[in-house]
Amino acid sequence: MPLKTERGNRVFPCSDKAADIIDALLLALRRSGVHIVQDRARALRREGEILTGVEGERGFYPGGAVVIATGGVSYPLTGSTGDGYALAEALGHTILPPRGSLVPLVAEGDACAKMQGLSLRNVAIQVRNSKKKTVYAGQGELLFTHFGLSGPLILSASAHMRDFDTEHYYINLDLKPALDEEKLDRRLLRDFEENANRDFHNVLEGLVPRLMVPVLVERTGIPAAEKVHSVTKAQRRRLLEVLKCLRIDIQGPRPVEEAIVTSGGIKVSEINPTTLESKKAPGVYFAGEVLDVDAYTGGFNLQIAWSTGHAAGEAAAQDIGGINP
């Protein structure tokens with residue numbers, strides 16, 4: 001699978017098609033002679049401490065080792081509906097409450113909806129909680145939607161916003177991260193001097209995308225039709241502050257079904273970190289998102305799946321004498 005590396009060491013297929021990864025995996029399965037059975041696991045059958053197989057809806061599948069790689073609760077239409085949690089819990093495992101991570105955010109107010117469809121590159125954000133403590137800071141790409149915010153930068157930020165039940169979060173958006181306040185003020189002065197007889201909104205269109213202009217007019221309190229030569233120093237200072245710190249209050253995350261990955265799951269301290277074998281049920285291994293492991297967007301969660309799957313698969317095969325250590 002030809003890959004490409006983008007900003008932040010995010011790795012994607014060159015084709016930008018997730019389906020190509022699925023096709024590559026299915027091809028590898030066919031070439032390896034893997035027998036695929038489509039069924040739903042109901043329970044693991046054991047005799048004492050010895051695993052004997054998997055009980056499915058259509059029958060029993062004998063085996064001395066099993067790898068549970070059923071995913072989390074994100075993207076339920078793919079079959080990732082949390083079944084693995086019940087199987088693990090029946091074995092005595094602790095399940096940390098699953099929630100969406102890498103998920104778009106719902107914003108308060110209508111500012112984002114007014115800018116729906118606008119994509120910004122190379123902007124900086126700070127995510128702060130109700131105590132004004134910065135819980136995340138980053139720079140990259142984001143997208144305004146009808147409900148709020150999305151895009152790689154926002155998805156990464158959402159991973160740090162885990163306490164919506166007790167915290168209020170807001171995002172400070174820096175639209176000009178390459179300019180400090182002094183340089184930006186000089187830029188504004190120059191633009192104002194060169195366009196002294198034009199309307200304020202016309203000058204704004206030279207600073208930000210057109211969809212942002214009504215929002216910035218509202219936030220600055222400067223009338224759109226105000227002649228630039230009439231804008232006061234205090235008003236220019238307010239514009240600078242909005243450009244460097246456009247505040248967006250966050251209502252909460254979108255539903256977990258829209259999340260890229262699930263945070264929470266099987267407590268990792270109950271799993272052998274080398275083999276991924278259960279410490280509570282010999283012969284049972286876990287891989288991927290069913291575990292309480294998650295990372296930023298950009299291929300990192302897939303890497304978790306590949307690495308844990310490889311380790312669990314090899315260990316399970318060794319367990320039943322399928323391969324040599």
Side-chain angles (χ1 to χ4, degrees), residues 5-12 101-145 147-164 167-191 203-220 236-254 260 295-300:
T5 302
E6 297 185 355
R7 184 199 301 267
N9 289 323
R10 296 179 298 136
V11 179
F12 298 99
S101 186
L102 305 185
V103 61
L105 300 173
V106 179
E108 297 180 3
D110 61 356
C112 291
K114 290 178 179 178
M115 298 182 283
Q116 177 181 351
L118 176 61
S119 178
L120 298 180
R121 299 172 64 88
N122 198 31
V123 292
I125 65 169
Q126 284 188 341
V127 179
R128 294 185 177 179
N129 60 19
S130 52
K131 301 179 182 65
K132 298 184 178 180
K133 178 182 178 182
T134 299
V135 299
Y136 175 81
Q139 189 166 332
E141 305 167 20
L142 64 77
L143 172 70
F144 293 101
T145 71
F147 56 77
L149 295 167
S150 189
L153 186 57
I154 296 303
L155 296 180
S156 294
S158 72
H160 298 267
M161 305 164 73
R162 299 175 180 263
D163 302 307
F164 279 105
E167 286 281 6
H168 174 78
Y169 296 99
Y170 62 95
I171 291 176
N172 288 333
L173 175 58
D174 185 349
L175 298 171
K176 303 291 182 181
L179 300 176
D180 59 25
E181 289 192 3
E182 184 179 346
K183 291 180 179 178
L184 180 57
D185 193 38
R186 289 202 299 267
R187 162 78 185 277
L188 293 178
L189 271 173
R190 186 178 71 249
D191 286 359
V203 178
L204 276 184
E205 290 179 8
L207 290 167
V208 298
R210 184 170 295 181
L211 278 175
M212 297 198 79
V213 170
V215 174
L216 265 60
V217 166
E218 180 181 345
R219 293 292 182 95
T220 60
R236 192 180 75 244
R237 176 65 191 180
R238 176 57 183 159
L239 173 59
L240 185 150
E241 291 172 349
V242 171
L243 289 171
K244 293 295 289 182
C245 188
L246 180 64
R247 174 167 169 157
I248 300 173
D249 288 87
I250 303 302
Q251 180 178 318
R254 291 288 286 177
I260 289 178
Y296 289 149
T297 182
F300 300 107

Search all heavy atoms of [X] against all heavy atoms of [Y] and return the closest pair with its distance.
X    : Y    : result
Y169 : D163 : OH-N, 3.3 Å
F300 : N9   : CZ-O, 3.3 Å
R254 : L105 : CG-N, 4.5 Å
P253 : V103 : CB-CG1, 3.7 Å
Q126 : A137 : CG-CB, 4.3 Å
G138 : L153 : C-CD1, 3.6 Å

### Message
Run the side chain to side chain contact (heavy atoms under 4.5 Å, CB included) test on I154 and I125 for me, step by step, so that the C-alpha distance in whole Å, both residues' side-chain angles and the decisive distance to 0.1 Å come before the verdict.
### Response
CA-CA 9 Å; I154 296 303; I125 65 169; 4.2 Å; yes
[atom2] on [Y] to [atom1] on [X], rounded to 0.5 Å:
X    : Y    : atom1 : atom2 : value
L149 : L173 : CG    : CG    : 8.0 Å
L204 : L243 : CG    : CG    : 7.5 Å
L240 : E182 : CG    : CD    : 11.0 Å
L102 : S156 : CG    : OG    : 6.5 Å
N172 : C245 : CG    : SG    : 3.5 Å
L179 : D185 : CG    : CG    : 11.0 Å

Report yes or no: does [X] contribute a side-chain atom to a donor-acceptor pair with the main-chain N or O of [Y] at less than 3.5 Å?
X    : Y    : result
Y296 : P152 : no
K176 : L207 : yes
S158 : S101 : no

### Task
Could you point out which residue of V215, L216, V217 forms a side-chain contact (heavy atoms from CB on, under 4.5 Å) with R219?
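Testing R219 for a side-chain contact (heavy atoms from CB on, under 4.5 Å) against V215, L216, V217 leaves exactly one candidate, V215.
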### Message
Which residues pass the side chain to side chain contact (heavy atoms under 4.5 Å, CB included) test with K132, not counting sequence neighbours?
### Response
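Partners of K132 by the side chain to side chain contact (heavy atoms under 4.5 Å, CB included) criterion, ordered by chain and then number, come out as Y170.
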### Query
Under the side chain to side chain contact (heavy atoms under 4.5 Å, CB included) test, which residues partner T220, sequence neighbours left out?
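In terms of side chain to side chain contact (heavy atoms under 4.5 Å, CB included), with neighbours along the sequence ignored, T220 is linked to F200, I222, R238, L239, V242.
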### Query
For D180, does the CG atom sit with more than 12 other heavy atoms under 6.0 Å from it, leaving out its own atoms?
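Enclosed.
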### Query
F144 and I248: side chain to side chain contact (heavy atoms under 4.5 Å, CB included), yes or no, with the steps?
CA-CA 11 Å; F144 293 101; I248 300 173; 4.0 Å; yes
### Query
Do V203 and L188 touch side chain to side chain, with heavy atoms closer than 4.5 Å?
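Result no, sub-4.5 Å side-chain heavy-atom pair not found.
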In residues 109-123, what donor-acceptor pairs under 3.5 Å come from side-chain atoms, sequence neighbours left out?
from	atom 1	to	atom 2	distance (Å)
K114	NZ	E218	OE1	3.0
N122	OD1	Q139	NE2	2.6

### Query
Is there any side-chain hydrogen bond (donor to acceptor under 3.5 Å, both in side chains) pair reaching into residues 240-253, and which pairs are they, with sequence neighbours excluded?
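Checked against side-chain hydrogen bond (donor to acceptor under 3.5 Å, both in side chains) - neighbours excluded - the pairs reaching residues 240-253 are H168-D249, D174-K244, R237-E241, R247-D249.
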### Query
Tell me the salt bridge (Lys or Arg N to Asp or Glu O under 4.0 Å) pairs involving residues 203-215, sequence neighbours left out?
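Listed once each, the pairs are E205-R210.
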### Query
Are E167 and R162 ion-paired here, with the side-chain N under 4.0 Å from a carboxylate O?
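The answer is no: the pair does not qualify as a salt bridge.
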### Query
Who pairs with Y136 by ring-ring contact (aromatic ring centres under 6.0 Å, His included), at least two apart in sequence or on another chain?
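So Y136 forms a ring-ring contact (aromatic ring centres under 6.0 Å, His included) with H160.
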